[in-house]
Amino acid sequence: MAQKRLLAAIMFTDIEGYTSIMQKDEQEAISIRDTHRTIFNSCTTNHQGEIVQYFGDGTLSVFKSSVEAVECAIDLQKQFIENKIPVRIGIHVGDIVYTEEDIVGDAVNVASRIESCAISGSILISDKVHDQIRSHRHIESKFLDAYELKNVDSALPIFAISNEGLAIPNPKEIKGKLSQYRELEKSKKRRNRKLIRWGFAILSVLVLISAIYYFTRATQPDDLSIAVLPFENLSTDEDSEIFRDGITEDILSQLSKLKDLHVISRTSVERFKNSNKTLPEIAKELGVSLILEGSIRKYGDKVRVNAQLINAKTDERLWGEEYDKTLVDIFALQTEISEEIVLALQINLTSEEQERFAVIPTKNIEAYKLFLLGRKEVDKRNEESIAKSIELYKRALDLDPKYAEALAEIANSVYLETYYAGRDPEEASRTANAYLDQAEAINNKVSRIYSVRGLIYNIEGKKEEAKKSFERAIFLSPNDVTAHHQYATFYYYNHEYEKQLVQAKIAYRLDPLSFVAANAYFTALVENDKFKDAENLMKTVEKSSDSNNKFVINRSFFRLYSATKEFEKSIPHLIKLAEEEYAYYRFLGFAYAKIGDTINARKILRKIHRIPMNSDDDRNYQLAVVHSGLNNIDSVFYFLDTLKTKHSKLFSRELDDFFQGIKEDPRFPYLLRAHQIQE
């Protein structure tokens, strides 16, 4: 008998309760069966499927595409529901042996078992089918659980198609052809929970590196850029979400060490957690050519990792692989993973790079969890959350005193308290550096140690120390967005604006959806007189930013239009700024004066006289700026007299932008000396 082997999507259907209907009314049962077959035949043909067999009240069919199979099932159920025919559908994809009369194979058995778990009006699919429909956003699905099915070797994750109108079984009430060992397997799950959690991060890194190796060897794109989307969490553990977040960060940390790969940062990637956007849409926003997505699911002492690499421009699946692992001793995998990374990428690593790749941050799972929680707290950027992060990091260190990354993060949080909690900078610097010294003594390959040192040295004006620290951080991790961002700030403080632009541009490309990175890049563009680029950037940010950033956006536009002397454009932004901070009234009055609107300029003068201010110094300095715009020279000298305003530093900083009109006056040199400003 001729036969052939092929990969196919297999669909089973049957009419729920058909035997009971037949016993009650044969004619009604036959009518239901005939209608069922008519609908089934029409839909299957429309979706390029092939009917293999009708058997009683059921059907067996195959499709070349999992997407076509699911779309057909949705179409079927809509018509069955409309005709009040209670049908169950199950779909699986796998290798089958196709004969002239029938199809056989393990995949057929699995599809049958899945269908038996369904309820009337529902469509159940296997995890393999789910992986192939993931990027097709018009098909919605819901994870139910992993089930032990009869004559199936391992627990099988099952999903329900959840498009509108379809039934979804209660995961706890699934019956069907389940194995008697399901409860025993649940017990194993509980015993192995801790091992599996840590294995998530390890296995994900391995999967990602293997994917990149395959793709780069096959196509060698000119611009190798990738976004690693948070893997879909199919676990039901109470704390599994924090580990899911950790997986993405672990992958990014590994990949950030590779200078030839452009890796989007965690801040920007997290925007797409649970997003309904298509992969091409996500890729366009992030500016990447590749996207890696996948899922992680655990059952018993096993972990299944599924990953696929997508051509972001075409939404084409370039590579995909599924890994099933049994975790007996997860820590024994550390050496194996380091070796796999080197082999997969075919990189000739230096001895220092080999040491860097081989380091395991911690072997304590609970310490790792506390570390992830601490990082989540510090991201909130407020006094309470930063204090909480320090507490969590310290608890992690109680469990693993050699956790260098935790020591570096404590140092970062300690110094952040100078901004958010009023902590004394000198004391914070001493404390933070003590933690950094401890971290460096344990592992001097951690980029975070040096980016935090650079931040502190930069604030303290220690230029050479700061420069060396930032260079070391970037050497260890070329894709470290924080290091690049802080390095740009370093060059800004030192008035090296071209170098500032280089670092700010890198940081923005690594973190394209970060407002902080965008604003820093905007500043660098303005300092380098790239005004049109700066304007376009801020307009893009304005469209996508939330309301919390509106003040900074308006301030940025004001800075831009002041630099270009486009005062009319600056006025709408200054009006909004002045409503929140009275200090901006001086600029608003100046702008009105510069466009010849003396009526509104004088209204601002009257407002400055009336509104409550912190001191007369504030009021007099603001009046001086507006009078400068109106070219009232005598009034400017009157209000800038040191007896009336002590804002010498502010006057020095704004001298070139807002007091050009008084520089030719013979009183000007005396005014500068009074304010102790060097000509």
Side-chain angles (χ1 to χ4, degrees), residues 492-497 523 526-531 534 554-679:
Y492 173 72
Y493 283 169
N494 288 285
H495 309 293
E496 297 179 74
Y497 299 124
T523 299
V526 172
E527 293 298 339
N528 284 272
D529 298 336
K530 296 183 180 296
F531 301 123
N554 284 316
R555 187 177 63 189
S556 297
F557 277 120
F558 156 61
R559 288 176 55 201
L560 170 65
Y561 296 134
S562 291
T564 58
K565 308 302 181 186
E566 297 175 278
F567 297 108
E568 189 167 5
K569 285 185 177 181
S570 73
I571 287 174
H573 301 286
L574 283 167
I575 290 173
K576 295 175 183 177
L577 290 168
E579 289 173 354
E580 296 191 47
E581 286 191 17
Y582 69 73
Y584 285 92
Y585 277 117
R586 70 183 188 272
F587 302 127
L588 179 57
F590 184 89
Y592 277 132
K594 284 299 180 182
I595 66 170
D597 188 350
T598 57
I599 294 176
N600 273 314
R602 294 188 181 284
K603 285 182 179 179
I604 296 300
L605 285 173
R606 290 195 293 272
K607 182 176 277 294
I608 292 171
H609 276 292
R610 291 197 310 270
I611 61 176
M613 292 195 181
N614 292 333
S615 67
D616 287 338
D617 282 354
D618 285 357
R619 194 183 311 278
N620 292 332
Y621 183 77
Q622 290 218 41
L623 292 169
V625 173
V626 180
H627 280 296
S628 178
L630 289 166
N631 206 31
N632 296 334
I633 304 301
D634 289 340
S635 295
V636 174
F637 279 98
Y638 175 80
F639 287 112
L640 285 180
D641 190 292
T642 52
L643 295 176
K644 294 186 176 299
T645 180
K646 301 295 189 297
H647 286 309
S648 298
K649 289 184 178 179
L650 189 58
F651 175 40
S652 176
R653 190 164 65 243
E654 297 182 354
L655 179 59
D656 291 336
D657 291 327
F658 300 103
F659 295 100
Q660 286 287 340
I662 67 172
K663 288 188 174 182
E664 301 302 321
D665 192 282
R667 292 170 290 181
F668 182 66
Y670 299 99
L671 182 64
L672 291 184
R673 285 197 289 273
H675 281 280
Q676 298 182 332
I677 298 173
Q678 297 294 324
E679 292 189 63

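If you read the sequence from its start, that first residue is 1, and numbering goes on from there. Keep in mind that this is a model prediction, so the values were computed, not measured.
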Participant: Does Arg673 make a cation-pi contact with Tyr670, if we ask for NZ or CZ under 6.0 Å from the ring centre and within 45° of the axis?
Facilitator: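 Ring-cation test returns yes.
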Participant: Step by step, work out the side chain to side chain contact (heavy atoms under 4.5 Å, CB included) result for Phe567 and Leu574.
Facilitator: CA-CA 10 Å; Phe567 297 108; Leu574 283 167; over 6 Å; no
Participant: Leu650 versus Thr645: any side-chain heavy-atom pair under 4.5 Å?
Facilitator: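 A side-chain contact under 4.5 Å is absent here.
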Participant: Do Phe668 and Phe659 have ring centres separated by under 6.0 Å?
Facilitator: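 No.
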Participant: Are His627 and Asp634 linked by a side-chain donor-acceptor pair shorter than 3.5 Å?
Facilitator: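 Side-chain D/A pair, His627 to Asp634: absent.
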Participant: Which pairs, with at least one residue in residues 574-583 and sequence neighbours excluded, count as a salt bridge (charged side-chain N to carboxylate O under 4.0 Å, His left out)?
Facilitator: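 Every pair satisfying salt bridge (charged side-chain N to carboxylate O under 4.0 Å, His left out) with a residue in residues 574-583: there are none.
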Participant: Find out whether Asp616 and Lys644 are in side-chain contact, i.e. whether some heavy atom of one side chain is under 4.5 Å from a heavy atom of the other.
Facilitator: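 Not in contact.
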Participant: Answer yes or no: is there a donor N or O on one side and an acceptor on the other, between the side chain of Asp665 and the main chain of Arg667, under 3.5 Å?
Facilitator: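 At least one qualifying donor-acceptor pair exists.
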Participant: Using atom types as modelled and distance alone, determine if a side-chain donor or acceptor of His647 lies under 3.5 Å from a backbone N or O of Gln622.
Facilitator: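 Checked: no pair found.
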Participant: Decide, yes or no, whether a salt bridge links Asp656 with Lys663 under the criterion of side-chain N to carboxylate O below 4.0 Å.
Facilitator: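 Answer for the salt bridge query: yes.
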Participant: Check for a donor-acceptor pair, side chain of Asn600 on one end and backbone N or O of Tyr592 on the other, with a separation under 3.5 Å.
Facilitator: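 No; judged by distance alone, with no hydrogens or angles, the pair does not exist.
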Participant: Sort and list the pairs that fulfil salt bridge (charged side-chain N to carboxylate O under 4.0 Å, His left out) and have at least one residue in residues 596-612, not counting sequence neighbours.
Facilitator: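 Listed by first then second residue: nothing to list.
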Participant: Give me the one residue out of Val625, Asp617, Leu623 that meets side-chain contact (heavy atoms from CB on, under 4.5 Å) with Tyr621.
Facilitator: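 The single option meeting the side-chain contact (heavy atoms from CB on, under 4.5 Å) with Tyr621 is Val625.
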Participant: Are any of the side-chain heavy atoms of Leu560 and Glu566 separated by less than 4.5 Å?
Facilitator: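 Not touching, per the 4.5 Å side-chain cut-off.
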Participant: Side chains of Asp529 and Tyr497: is there a donor and an acceptor less than 3.5 Å apart?
Facilitator: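 The answer is no; no qualifying pair exists.
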Participant: Contact between Tyr584 and Arg586 at the side-chain level, heavy atoms closer than 4.5 Å - yes or no?
Facilitator: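 When only atoms from C-beta onward are counted, Arg586 and Tyr584 do not touch, as no gap falls below 4.5 Å.
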Participant: Exactly one of Val626, Ile575, Ile608 should register a side-chain contact (heavy atoms from CB on, under 4.5 Å) with Tyr585. Which one does?
Facilitator: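 Filter result, single survivor: Ile608.
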Participant: Would you call Phe651 and Leu671 a side-chain contact if the rule is heavy atoms closer than 4.5 Å?
Facilitator: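 When only atoms from C-beta onward are counted, Leu671 and Phe651 do touch, with a gap below 4.5 Å.
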Participant: With no hydrogens and no angle check, is any side-chain donor or acceptor of Ser628 less than 3.5 Å from a backbone partner on Phe658?
Facilitator: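 The answer is yes, because a donor-acceptor pair under 3.5 Å joins these two groups.
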Participant: Evaluate whether atom CD of Gln660 has more than 12 neighbouring non-hydrogen atoms of other residues, nucleotides or ligands under 6.0 angstrom away.
Facilitator: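 Atom CD in Gln660 is crowded, with more than 12 foreign heavy atoms closer than 6.0 Å.
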